[in-house]
Amino acid sequence: NPITSAWDNRKVSKASNALKQVDLEPFQTYQEEGSCCKELFIVYHGEMHLKKRGGVQHLGTKELSTKPFSIQQRANSQTSTTLAILGPSHLGSIVEMVELHETGSATLRSTIVAGVSGATILTLSPYMANILLFSNERELQILRALRHRRILWDTMRLDHKHRHADISI
């Protein structure tokens with residue numbers, strides 16, 4: 001992992017003491033889209049699905065209205081688009097945590113749901129994320145790049161879904 005590869009034993013120990021384990025049942029919702037970002041999470045076991053409701057794209061602090069919908073797309077906008085499926089060692093809520101670090105507040109851009117076999121995640125509070133992740137310029141740059149890539153990916157998934165509403169992606 002490029003973030004933790006340079007950590008010394010003291011920092012690894014501090015991180016392990018700060019992590020809280022959360023076990024989720026299959027398809028259990030962990031956090032809802034639009035709620036306040038409370039913590040960063042790392043998938044330890046299983047999968048976590050990031051799902052976006054149709055209609056408006058939330059990109060950081062900007063909101064962009066989607067293109068006009070056809071009748072079929074309006075019907076499909078009530079469903080959700082899977083933006084990403086996070087597996088073991090993947091970081092979740094990183095876009096929101098970077099925004100929280102930079103602006104002081106952040107809302108979740110997607111609903112976070114456990115996969116078909118459930119999941120075990122390790123959570124990290126914003127306070128400890130500031131100490132462990134955002135205090136080092138190298139790690140902060142890696143996290144900003146990851147945030148940028150995730151926002152770009154989410155935008156492409158939503159744009160594809162709205163132009164091809166009859167295709168489930």
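- Atoms CE and CG, from M128 and L133 in turn, are 9.5 Å apart once rounded to the nearest 0.5 Å.
- Checked by atom type, the side-chain pair S110/K51 shows no donor-acceptor distance below 3.5 Å.
- The closest donor-acceptor contact from the side chain of S125 to the backbone of E39 lies at 3.5 Å or more, if one exists at all.
- Heavy atoms of other residues, nucleotides or ligands lying less than 6.0 angstrom from NZ of K20 number 12 at most.
- Remark: the backbone N or O of R53 is paired with a side-chain donor or acceptor of E33 at under 3.5 angstrom.
- In this structure, the separation between CG on L19 and OG1 on T123 is 7.0 Å, given to the nearest 0.5 Å.
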Dump the intermediate steps for side chain to side chain contact (heavy atoms under 4.5 Å, CB included) on W7 and E139, then the final yes or no.
CA-CA 10 Å; W7 287 8; E139 293 163 6; 2.7 Å; yes
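- Contact detail for A114 and L24: the closest heavy-atom pair is CB-CB, 3.9 Å.
- Checking each of E96, E99, E102 against R147 for a side chain to side chain donor-acceptor pair (under 3.5 Å) leaves exactly one that passes, namely E102.
- Taking OG1 from T120 and OH from Y44, the interatomic distance works out to 8.0 Å, rounded to the nearest 0.5 Å.
- Between D23 and Q28 the shortest heavy-atom distance is O-OE1, 4.4 Å.
- Separation of atoms CD1 (I121) and CD (Q21) is listed at 9.5 Å; rounding is to 0.5 Å.
- Remark: side-chain polar atoms of T81 are not paired, donor with acceptor, to backbone N or O of L83 under 3.5 angstrom.
- Atoms CG and CE, on L124 and M97 in that order, are 6.5 Å from each other to the nearest 0.5 Å.
- The shortest heavy-atom contact between S93 and L108 is OG-CD2, 3.9 Å.
- Looking at every heavy atom in both residues, L146 comes nearest to I94 through CD2-CG2, 3.8 Å.
- Between F41 and Y30, the two ring planes are perpendicular [angle over 60°; tilted spans 30° to 60°].
- Residue H101 comes nearest to F134 through the heavy atom pair CE1-CB, 3.4 Å, listed as atom of the first residue, atom of the second, then distance.
- Put simply, CD1 on I112 and NE2 on H49 are 12.5 Å apart, with the number rounded to the nearest 0.5 Å.
- A donor-acceptor distance shorter than 3.5 angstrom exists from the side chain of T155 to the backbone of I151, with no hydrogens or angles considered.
- Other residues, nucleotides and ligands contribute at most 12 non-hydrogen atoms within 6.0 Å of the CG atom of N9.
- When hydrophobic clusters are built by joining Ile, Leu, Val, Met, Phe, Trp and Tyr residues whose side-chain heavy atoms come closer than 4.5 Å, directly or via intermediates, I42 is grouped together with L140.
- Of all heavy-atom pairs spanning L132 and A15, the tightest one is CD1-CA, 3.6 Å.
- L50 and F27 are not part of a single hydrophobic cluster, where members link through side-chain heavy atoms under 4.5 Å apart.
- For E25, the CD atom is loosely surrounded, since the number of other residues' heavy atoms within 6.0 Å does not exceed 12.
- Note: the hydrophobic cluster containing I85 does not contain V116 (ILVMFWY, side chain heavy atoms under 4.5 Å, direct or indirect links).
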